[in-house]
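Before any comments, here is the structure.
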Amino acid sequence: MTTATQAQARAIDPITFEVVRHKLQAMTEEQAITLKAVSGSPVVTDATDFNNGIYLTDGSIVTMGPQVLFHTGTMSAVIRNITADFAASPGINEGDMYILNDPYKGAVHQPDVAIVAPIFHEGRHVAWAGSCAHQLDVGGMNFGSWSFKATEVQQEAMLLPGVKLVEAGELRQDLWQMIMGMSRLPMVLGLDLKAMIAANNVAARRMVEVMDRYGADCVEAVMHAEIDASEQQLRARLRELPDGVFRAVDFLEHDGHTDALYEVRVAVHKHDDALTFDLEGSSPQAPGFINCTHAGLVGALFTALLPILAPDIRWNAGLLRAVTVKAPEGIVCNATWPAPVSSGTVSAVWVVTNVAVMALSRLASCDERTAGEAAAVTKGSMTVLTMSGADRDGSPFGTFMLDSTAGGGGAYADHDGLDASGDYCVPRPSIANVETNEAAGPYLYLYRRLLADTGGAGRQRGGATIGLALTRTTCHGWTPCSSATASKCPTPPACWAAWRDRPTAIGCGRLTAAAPSAASRDPRRWGSTTLRCATWVRSPGSSS
Amino acid sequence: MLFVGVDIGGTFTDLVVMDDDGAVVTDKALTTPHALEEGVFNALTLVADQRGETLDAFLAQVSAFGHGTTQATNALIERKGARTGLITTQGFGDTLFIQRLQGFTAGVPSEHLGWYSRRRYPDPIVARCLVREVPERVDQAGAVLYPLDEEAAREAIGSLLADGVEALAVCLLWSFRNPVHERRIAEITAELDPDGRVFLSLSCDVSPVLGEYERTATTVLNSYLGPIVEHYLERLETSLRDRGFTGTFSVLNSIGGVMGAREAAEHAVLLLASGPTGGVIGSRYLAKELGHRNVITTDMGGTSFDVGLIIDGRPVVSAITEVGRYHVSAPMVDITAVGSGGGSIATVHDGLIAVGPESAGASPGPVCYGRGGTQPTVTDANVVLGIIDPDHFLGGRMQLDRAAAEAAIERQIAQPLGLTVLEAAAGIRRIVDAQMADTLRELTIGRGHDPRDFVLYAYGGAGPMHCAGYGAELGVQKIVVPTTSMAQSAYGALASDVQHSAERSALMRGGGGPQPGWAGLEAAAMEAQFTELEEQCHAALSRYGIAEADRELTRSVDMRYRRQTHELIVPLPDATVDQAAVQRVVERFEQTYEDTYGRGAGFREAGIEVTTFRVDGLGRTRKPRLPQAPDHVEAPRRERPVYDADATALVTAQVVDWISLAVGERVDGPAVLEHPTTTVYVASEQHASVDEHGNLIIESDGVPA
């Protein structure tokens with residue numbers, strides 16, 4: 001922050017500060033309401049796999065929503081890359097919006113499409129509004145753009161490095177049609193892109209109104225001061241904790257080509273009021289789609305940090321300022337171009353979150369004031385299940401089933417983990433009704449229930465996962481595809497008795513990792529299934 | 001002839017009595033949780049006393065007794081419902097426990113969603129051991145894929161009866177498409193329970209709409225609350241009759257209509273938002289008489305700020321409502337509650353001030369109450385600023401401790417921030433006003449409504465004290481503080497019509513690609529849906545004794561672009577649906593959509609889906625005329641210093657007794673209007689006057705009256 005802005009921030013009275021700050025958060029709430037209302041994708045509307053926010057002109061996060069946290073950590077990289085690459089040509093002007101899904105330019109993986117809009121006030125660029133949402137299909141070799149046979153990023157999906165989709169308030173039809181033409185579900189993608197554009201419009205309009213009323217200087221100073229405040233609060237918390245190194249390791253099991261093991265290692269160095277995450281020692285990048293780029297790595301570390309060390313601090317870029325990330329190039333969680341990354345979110349990003357949760361929980365359990373936030377890993381893996389083919393009326397159908405987010409929650413020192421907890425990266429999770437899913441596509445549930453004894457054992461047990469069974473109801477061209485990890489290497493417990501008054505083991509989320517289970521009944525029943533599957537799918541006519 | 005409205009709230013039982021001339025008497029008594037009818041009789045006795053009559057003589061003149069109640073809500077919150085058993089489709093017995101993963105974030109303010117360590121599922125309303133799964137299956141088209149295993153059903157019901165359940169709920173997949181298996185289970189239950197001792201709810205009756213979690217929760221809640229509501233209403237009605245009451249007895253439901261005692265017991269789940277709905281319905285009645293088509297209703301109490309919208313004379317309704325951390329799928333008046341109230345606590349951490357959502361509530365309450373509260377609240381700020389007179393709070397019935405409020409704000413807010421105590425108190429007020437204004441913006445502008453088209457109604461304990469701030473910031477035309485503001489919900493119970501809604505999920509698709517949205521939508525099929533729903537409404541209204549001439553039926557559908565999950569409600573004219581009407585309804589949907597989400601947001605290529613058909617039936621009941629302003633009582637205007645939060649300066653405010661104002665008499669802000677049960681603040685650059693009905697109208701200077 002410049003000295004001038006600091007002076008301005010000091011000049012703002014604390015009351016005006018709180019009033020304006022609340023308005024910035026309200027804008028982000030309104031972005032989310034708009035996005036959900038316009039979107040036509042159950043991934044967005046039911047599973048809230050999206051996020052919105054307001055950012056400084058340099059991309060620093062000012063506000064974010066309580067939806068998928070991975071998206072937020074990466075938005076700064078999205079904005080910084082667009083600024084670096086395109087400020088000169090084709091330029092960043094009033095009424096423009098850029099669309100980006102290139103993981104080497106800031107996206108977590110290709111289906112996570114971001115649209116960002118510069119906000120101008122009286123002709124001056126004052127902030128960015130942004131939205132990011134998981135898309136059902138952005139092309140590539142497989143439905144859903146989970147490209148398990150890919151060996152390079154070019155095969156996986158369309159790649160948008162930051163393209164000016166909206167220019168001076170007008171949607172560019174040439175680009176629109178090009179993007180629609182590359183998706184298997186253009187109607188769904190179209191609604192989602194319109195939803196993100198609408199959400200950004202709402203934020204930009206609101207920001208201009210607030211700046212008109214309180215002055216752009218005032219609002220900008222509040223945004224900076226808000227980030228400073230969170231940084232200072234996190235640093236103060238870190239100073240209370242003992243210095244030390246906290247290590248954790250977890251594994252990725254299959255790279256889409258071979259059943260190899262990949263390690264993700266983290267060493268969290270806590271010194272004074274700062275944290276360094278060192279990923280040295282993690283496996284080299286894979287030849288398949290399980291890698292993630294630097295953007296995904298940062299998104300994962302940010303996600304792990306928030307609920308453990310900052311549950312009561314407002315979430316923004318200030319928290320990242322107390323953090324340094326050291327990761328060698330070319331490892332599975334900091335891959336170099338053109339390594340494939342389309343499964344990054346549920347593979348490398350997921351496992352980085354796991355190890356960061358483990359290491360940070362050990363750190364948190366060293367002090368009574370933070371020990372209550374230390375937890376075993378929640379739902380250490382994510383099962384992806386996509387289904388595509390012909391709908392009942394013969395039209396193209398495809399979906400990304402998110403029931404598998406209902407895995408078990410990690411235990412805490414003083415209470416059991418939650419049954420059906422939702423993903424760690426989602427503060428307000430949700431799954432669709434069985435009836436909603438059956439209405440949307442040609443398949444039938446045989447059951448969806450909590451599975452007994454799937455919570456890891458311990459004085460406090462981990463939460464139970466749900467399991468489900470499906471069968472298709474039409475017989476033509478139906479392709480289920482599922483991938484999951486952590487069937488072989490259960491997620492280790494996060495923390496042991498570091499806290500002297502609680503000399504007991506904490507229940508781990510070991511089996512809770514394998515959601516939803518009823519796993520590996522009979523692999524011959526698996527149509528074109530590729531990896532180990534944690535969901536039982538039955539075709540009509542089969543006997544069991 | 002007298003009309004009585006009662007609202008049984010958590011703390012007070014409010015009562016409004018109106019006579020044929022529109023003269024209004026209000027009073028309140030403490031709610032008696034152990035036997036709610038006691039509080040009702042206490043309040044009735046107070047009013048009878050005011051009128052100089054005996055209770056029996058008073059009751060004999062009452063022609064209609066309407067009441068709203070939080071009894072169902074409290075029974076749910078305290079988990080005091082009936083021992084309930086649940087029967088589901090085999091394989092789906094955990095649906096109510098999984099809650100679509102929404103149970104542990106329900107009711108959590110967004111500021112607290114990051115506290116993962118505090119997440120908990122709500123206490124169950126059905127014990128898992130009282131859930132039985134039966135083999136059967138119906139598919140999305142309503143076809144029976146696997147017939148009900150009757151032996152298994154018999155076994156399930158028998159074992160639940162043996163387990164001593166007082167109520168049963170049945171929710172099978174897709175039963176709203178084909179209820180045959182649920183109906184058969186009802187028949188078997190009748191065989192096994194011939195005396196009908198067990199209260200039974202079927203999901204195809206209670207909530208015949210898509211979405212098995214919400215449908216299950218709604219059906220279970222209906223059974224869980226039914227027996228309690230039944231006993232309570234029976235007791236109350238009988239005791240009124242015993243004392244000579246011969247009029248109609250009704251209960252206000254959450255969609256804003258009244259129901260008789262029997263129907264209310266059968267639909268107990270519809271009482272879950274009865275209390276706050278009363279305020280909106282009372283406002284709608286008033287708005288109709290005053291000619292206000294669009295109204296924002298704001299009810300600011302001790303712990304929450306409840307907002308409702310009336311658009312084109314109708315309360316906005318939502319399809320799913322969260323109550324007691326479960327989700328009810330039945331149309332209810334849409335009331336958004338945020339944690340801003342008189343009891344909201346102000347804190348300073350690391351030089352940053354925050355107000356709410358934590359509340360001191362009624363106990364321990366604000367510091368100035370002297371009941372053990374130590375953290376400064378919004379009410380404490382109002383006392384320090386001079387808006388609340390500590391010697392005349394609630395008409396002098398409660399002495400407030402101004403020095404204690406000042407000391408708390410001084411020590412906990414002013415000193416850490418380097419402000420004077422007045423600046424700190426003004427800050428608390430500005431922040432809470434801005435939060436409420438932000439909520440109002442989200443609910444109006446955020447949904448495509450321009451607040452300048454609305455009149456804002458303010459009621460509840462703290463609403464009239466704060467509406468000057470949040471109303472001005474929102475930019476509404478004018479603010480109305482109703483003469484019944486201290487008992488607005490009771491007024492709603494008195495003013496409500498009989499209401500019966502019927503709806504059904506039925507998916508119809510039109511358009512897609514280059515075709516217009518109405519292509520493929522069949523007028524005759526739509527008409528058939530409406531005809532059947534209208535028959536249901538007529539039957540219900542005639543059961544209530546409403547003559548055909550007094551019935552008003554309105555049709556609407558829920559529409560969306562294909563694959564969306566969020567629908568817009570689109571009304572249809574009351575005429576046979578033909579192809580031209582289908583085209584008009586699609587056009588109206590597309591227009592509403594663009595109005596709401598901006599030009600170009602529509603996506604016609606995706607095609608249109610109609611998901612739900614609905615008929616709202618209204619039966620007009622006899623109602624008193626609007627109250628006339630009582631004759632004003634001469635009382636001198638006074639003055640006292642008040643610190644104006646927006647002007648950030650001490651100003652000299654006029655202090656005026658509300659009842660001393662003649663119709664049309666103007667009071668310029670800054671002013672405090674005092675009434676035995678409420679305090680109204682009028683800010684600088686605003687003025688207030690009393691209309692012919694006794695309501696207080698606040699307008700900004702420069703806006704023509």
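Just so it is clear: chains get the letters A, B, ... in the order the sequence lines come, proteins before strands, and each one is counted from 1.
With hydrogens and angles ignored, the 3.5 Å screen pairs no side-chain donor or acceptor of B:Arg137 with any backbone N or O of B:Tyr146. Checking side-chain atoms of A:Ser230 against main-chain N and O of A:Leu319 turns up no donor-acceptor pair under 3.5 Å. Without hydrogens or angle criteria, A:Glu435 side chain to B:Trp174 main chain gives a donor-acceptor distance under 3.5 Å. Although no hydrogens or angles enter the test, the distance criterion places no donor-acceptor pair under 3.5 Å between the side chain of B:Asp94 and the main chain of B:Ile98. The main-chain N or O of A:Thr370 is never found under 3.5 Å from a side-chain atom of A:Glu373 such that the two would form a donor-acceptor pair.
When each of B:Tyr121, B:Phe97, B:Tyr213, B:Phe92 is checked for heavy-atom pairs under 4.5 Å with chain A, B:Phe92 comes out on top. Between chain B and the options A:Ser430, A:Pro66, A:Pro14, A:Ala236, heavy-atom pairs under 4.5 Å are most frequent for A:Ser430. In terms of heavy-atom pairs under 4.5 angstrom with chain A, the leader among B:Leu173, B:Leu145, B:Val108 is B:Leu173. If you tally non-hydrogen atom pairs under 4.5 Å between each of B:His349, B:Arg430, B:Arg441 and chain A, the highest count goes to B:Arg430. Counting heavy-atom pairs closer than 4.5 Å to chain A, the top residue among B:Thr89, B:Leu113, B:Asp139, B:Asp350 is B:Leu113. Among A:Ala439, A:Ala420, A:Ser421, the residue making the largest number of heavy-atom pairs under 4.5 Å with chain B is A:Ala420. Chain A forms the most heavy-atom pairs under 4.5 Å with one residue out of B:Arg120, B:Gln102, B:Glu442, and that residue is B:Arg120. Among B:Ala424, B:Ser117, B:Gly114, B:Ala426, the residue with the largest count of heavy-atom pairs under 4.5 Å with chain A is B:Ser117. When the candidates A:Arg21, A:Arg206, A:Gln232 are compared by the number of heavy-atom contacts under 4.5 Å with chain B, A:Arg206 comes out ahead.
Atoms CG and OG1, from A:Leu24 and A:Thr63 in turn, are 6.5 Å apart once rounded to the nearest 0.5 Å.
Heavy atoms of A:Leu306 lying under 4.5 Å from chain B are absent altogether. Heavy atoms of A:Glu29 lying under 4.5 Å from chain B belong exclusively to its side chain. Of the two parts of A:Val202, neither the backbone nor the side chain holds a non-hydrogen atom closer than 4.5 Å to a non-hydrogen atom of chain B. Only the side chain of B:Leu352 comes within contact range of chain A, with heavy atoms under 4.5 Å apart. Only the backbone of A:Ala440 comes within contact range of chain B, with heavy atoms under 4.5 Å apart. Heavy-atom distances place both the backbone and the side chain of A:Glu438 under 4.5 Å from chain B. With a 4.5 Å cut-off on non-hydrogen atoms, A:Val210 does not touch chain B at all. Only the backbone of B:Gln90 comes within contact range of chain A, with at least one heavy atom under 4.5 Å from a heavy atom of that chain. With a threshold of 4.5 angstrom between heavy atoms, B:Arg215 approaches chain A through side-chain atoms but not through N, CA, C or O. When heavy atoms are compared at a cutoff of 4.5 Å, A:Glu226 does not approach chain B at all. Residue contact with chain B, scored on non-hydrogen atoms closer than 4.5 Å, is absent for A:Ile313. The contact between B:Phe176 and chain A is made entirely by side chain atoms (from C-beta outward), counting heavy-atom distances below 4.5 Å.
Side-chain contact annotation: B:Gln435 with B:Ser340, donor-acceptor N/O pair under 3.5 Å present. In the model, A:Arg428 has no side-chain atom that pairs as donor or acceptor with a side-chain atom of B:Thr105 under 3.5 Å. Using modelled atom types, one finds no donor on one side chain facing an acceptor on the other under 3.5 Å when comparing B:Ser329 with B:Thr218.
For B:Arg100 and B:Glu214, the salt-bridge test passes: some basic side-chain N is under 4.0 Å from an acidic carboxylate O. Ion pairing between a basic and an acidic side chain is recognised when a charged N comes within 4.0 Å of a carboxylate O; B:Glu133 and B:Arg128 show such pairing.
Aromatic pair B:Tyr116/A:Tyr424: centroids less than 6.0 angstrom apart. Here B:Tyr561 and B:Phe589 bring their ring centres to under 6.0 angstrom of each other.
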